[in-house]
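Worksheet: the structure to be examined is printed underneath.
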Amino acid sequence: MTDTTAARPKRDRTHWLYLAVIVAVVAGVLVGWLAPGVGKSVAELGTIFVNLIKMMISPVIFCTIVLGIGSVRAASRVGRIGGLAIGYFLIMSTVALGIGLVVGNLLQPGTGLNIAGHAKDAAKFVKQAEGAGGTWQFLEGIVPTSLLSSLTAGSVLQTLFVALLVGFGIQAMGATGEPLLRGVELVQKLVFRILIMILWLAPIGAFGAMANVVATTGLGAVKELAVLMVAFYLTCLLFVFGVLGVLMRVTSGVSIFKLVRYLAREYLLIVSTSSSESALPRLIAKMEHMGVERTTVGIVVPTGYSFNLDGTAIYLTMASLFIADAMGKPMALGEQIGLLAFMIVASKGAAGVTGAGLATLAGGLQSHRPDLINGVGLIVGIDRFMSEARAVTNFSGNAVATVLIGTWTKTIDPVRVRSVLDRELPFDETTLVDDHPSADKDLVPA
């Protein structure tokens, strides 16, 4: 007889954090509106929380980049499928980043808020940015004085540079480097455990940031934040059903609507946990059931969880533009392109853990526009609300990628795909276990 107690999943307590953030945002708006003096006085709460996030930027980026390159090495062992998957992921992530930039520039949410005067350390960062020098000084600043100083000096580009060196170095070591890769994976788990602890302070940070912004700019901030959220959700829908849906229909003849219906339970799981990683084992099992060969699924899905982050890409660019506009310091086109290039690399691996996207956003701003870093506090209050759309879009992108790569490599059974999506061959839920064996060895938490 099955032990139902042992099979019951561990209760997720993050919904309490979700509710606490909602309460904190509402309380911050009311305090900033009804008692502006109090709202301005609690601004430090938002600043402290942003500083905690900044503290985690370097270790988050270092670990995710090193492990991301490790997954490429694993994928490269199977040749054509791995190379095709990586190429596709890079192209689609760039497209998603570009869409975020286009929508952000068209809507320009945040324009007119002018919160720059209320960001505590903006002047200090502006001074640092002005003294950065020209191109050669910029390039010289990428190379740290030592391997370890890149993790402590607070320079995101130095961290990224060293992470790439370490990742490719471990890759070149072959099987000998596996213990090092496992060691970095353990460090990453520790880093994300600390990050999760910090995120439990998000309600306090959200309260301080919202109270201060509303006290200094009025209720216009609430309206602009709502516009950003609605625009982000609509952009994600456009990307999934427009870009991905059309591409899959033209390439594979598969309907995006039928695929979404087939994965309905996984979408519910993602929304409840705000993490696409929670549905990874089920996605692997369902893609195999749908008719994609196990080898293809085993390569594309786990690798995609580190490299195919379409929702995160859209979020990073739209949030960056919002912060720039809200602080009255819009980004020039060249700065936007530079930020896009940075995000293409730095966003890899930011999918699985709530808050990694926030850290990556802060890292991008700190590396390209350090005078905007304190504007991240404005995003804290709505980041949790946007995480579901990020996770669902990331998940959809990986499901579509599996179908597309299977079609291009002829490792998919079109007849079975039609039968499964038409509900002629239903998925047997009783055959699925929580820890799917195909996922265990390839899963890289993000």
Side-chain angles (χ1 to χ4, degrees), residues 10-18 20-21 24 44-68 70 121 144 147-156 158-160 162-163 166-167 180-209 273-278 280 305-306 309 312 315-316 319 346-367 373-374 376-377 379-381 383-384 386-387 390-391 443-446:
K10 185 178 180 181
R11 183 177 177 83
D12 180 21
R13 296 181 298 171
T14 58
H15 65 284
W16 293 113
L17 177 59
Y18 198 5
V21 170
E44 297 294 345
L45 295 177
T47 303
I48 291 172
F49 182 77
V50 172
N51 287 339
L52 287 171
I53 293 294
K54 286 161 59 179
M55 178 182 73
M56 302 304 298
I57 291 174
S58 290
V60 165
I61 290 180
F62 177 82
C63 292
T64 51
I65 294 300
V66 171
L67 290 175
D121 296 325
L147 200 64
L148 296 179
S149 68
S150 62
L151 299 175
T152 59
S155 172
V156 178
Q158 289 183 3
T159 302
L160 185 61
V162 171
V166 173
L180 291 174
L181 204 60
R182 288 195 296 270
V184 174
E185 186 174 356
L186 289 175
V187 172
Q188 187 198 46
K189 290 181 179 180
L190 172 62
V191 168
F192 283 138
R193 180 59 59 185
I194 296 173
L195 185 59
I196 290 172
M197 293 164 59
I198 291 174
L199 288 175
W200 280 99
L201 300 176
I204 299 175
F207 171 78
T273 60
S274 296
S275 172
S276 58
E277 191 177 80
S278 60
L280 185 147
Y305 264 67
S306 285
L309 313 178
T312 303
Y315 162 80
L316 291 173
S347 64
K348 306 311 174 191
V353 174
T354 304
L358 196 62
T360 305
L361 171 64
L365 292 177
Q366 185 163 306
S367 65
I373 184 66
N374 283 285
V376 174
I379 297 292
V380 171
D383 178 76
R384 178 71 184 184
M386 300 168 78
S387 63
R390 289 201 303 266
L443 177 58
V444 178

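For clarity, every value in this text was computed on a predicted model and none was experimentally measured. Hydrogens, waters and symmetry mates play no part in the numbers below; they use all other heavy atoms, side chains included.
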Testing the basics here: between [X] and [Y], what is the closest heavy-atom pair and its distance to 0.1 Å?
X	Y	value
P203	A24	O-CB, 3.1 Å
P144	V162	CG-CG2, 3.7 Å
L45	G208	CB-CA, 4.0 Å
A163	V66	O-CG2, 3.6 Å
R390	T312	CD-CA, 4.0 Å

ask   = With L201, which residues qualify under side chain to side chain contact (heavy atoms under 4.5 Å, CB included), at least two apart?
value = F49, L52, I204
inquiry  = Within this structure, what is the CE-CD1 distance for the pair M55 and I194, rounded to the nearest 0.5 Å?
reply    = 7.0 Å
